[in-house]
Amino acid sequence: GDPSGLAGPSLVGDPVLRDLLVRKLQSVIERSEPCQEEVEIQVDGRTHLFWAVAVPQRVNGVTEGVVLSFTDLTEQRRVLHRQLRLARAVDASLDGVVITDKRGRIEYVNPAFVQMTGYDASELLGRRSRFLQFTPNDPNAGRSIRESLSRGEEWQGEIVNRKHDGGTYIADMTISPTFALNRSHSD
């Protein structure tokens, strides 16, 4: 059949995109094979990114039609790009950054933290962050941090931490809990 009616001017305003869609639909009908790909489509003057899937519908072995499915990926892609920008900023920070789960196991360290401590990231990931603490003058510092975080509060102060080579350094720290959307502590 002729798929040009499926991609008429009222549905797809861009003639180049319309011709591309018609060719893709013709290919799906002729080959009787599904097709899937990302396509950019103008919607209300804005470019949207869609995942398009075309699946041939066969009756008695003959392709009689095509089922089209479009999933708008625009918002997902925008959020992904924002997350990648934030991750690059954290990686580039000159301040050490550590992310732990709610049990204190290290999930992420940035390059500045690796340089500061002398540990390789692989030596830190999965370990409890408290193994770094060396606070001979304040043995309750770890408890104070855990109590603040368990109340959902930020903790600020100085801690003496241990480097990989056994030396120590003073860390002026701000430790903040993160929350899932439902305001429970995130993992």
Heavy-atom side-chain proximity of T117 to N161 below 4.5 angstrom | no
Within residues 117-129 or reaching into it, pairs that qualify as salt bridge (Lys or Arg N to Asp or Glu O under 4.0 Å) - sequence neighbours excluded | none
M116, L125: one ILVMFWY side-chain cluster at the under-4.5 Å cut-off?
-> yes
Heavy-atom count around L86 CG within 6.0 Å, excluding the residue itself: above 12?
-> yes
Sequence neighbours excluded, the answer for salt bridge (charged side-chain N to carboxylate O under 4.0 Å, His left out) partners of R105 is D101
Calculate, to the nearest 0.5 Å, the distance between atoms CD and CZ belonging to E30 and R23 respectively.
-> 12.5 Å
Taking all non-hydrogen atoms of both residues into account, name the closest pair between V114 and A121 and its distance.
-> CG2-N, 4.0 Å
Taking everything shown except L84 itself, do over 12 heavy atoms lie less than 6.0 Å from its CG?
-> yes
Shortest non-hydrogen pair, S148 vs E154, comes out as CB-O, 4.3 Å
Could you state the interatomic distance from CD (E64) to CD1 (I29), rounded to the nearest 0.5 Å?
-> 10.0 Å
Within one Ile-Leu-Val-Met-Phe-Trp-Tyr cluster: V28 and L68, side-chain cutoff 4.5 Å | yes
Tracing side-chain links under 4.5 Å among I, L, V, M, F, W and Y, which residues wind up in one group with W51?
-> L49, V53, V55, L73
With the side chain counted from C-beta on, respond yes when L132 and I159 share a heavy-atom pair under 4.5 Å apart, and no when they do not.
-> no
Side-chain heavy-atom pair V39, E37 within 4.5 angstrom cut-off = yes
What pairs with H164 under ring-ring contact (aromatic ring centres under 6.0 Å, His included), at least two apart in sequence or on another chain?
-> Y119
Given side chains that start at C-beta, do those of F113 and I106 come closer than 4.5 Å, heavy atoms only?
-> no
CG of D172 to CG of D95, rounded to nearest 0.5 Å, is 9.5 Å
Over all atoms of both residues, closest heavy-atom pair of E33 and R58 = N-NH2, 4.4 Å
Of all heavy-atom pairs linking N110 and S93, the shortest is ND2-O, 3.6 Å
Heavy atoms only: give me the nearest A112-L94 pair and the separation to one decimal.
-> CB-O, 3.5 Å
Heavy-atom closest contact (K163 atom, T168 atom, distance) | CE-O, 4.1 Å
From H81 NE2 over to R85 CZ, what is the distance, rounded to the nearest 0.5 angstrom?
-> 8.5 Å
Distance col, row S129:OG vs R103:CZ, nearest 0.5 angstrom, shows 13.5 Å
Given the rule that I, L, V, M, F, W and Y join up when any side-chain heavy atoms are under 4.5 Å apart, are Y169 and L124 in one cluster?
-> yes
Output all residues satisfying side chain to side chain contact (heavy atoms under 4.5 Å, CB included) with V79, sequence neighbours left out; order by chain, then residue number.
-> E75, Q83
Within-4.5 Å side-chain heavy-atom neighbours: D91 and P111 | yes
Sequence neighbours left out, what passes side chain to side chain contact (heavy atoms under 4.5 Å, CB included) with S144? Give chain and number order.
-> W155
Once you round to the nearest 0.5 Å, how far does OG1 of T71 lie from CD of Q36?
-> 10.5 Å
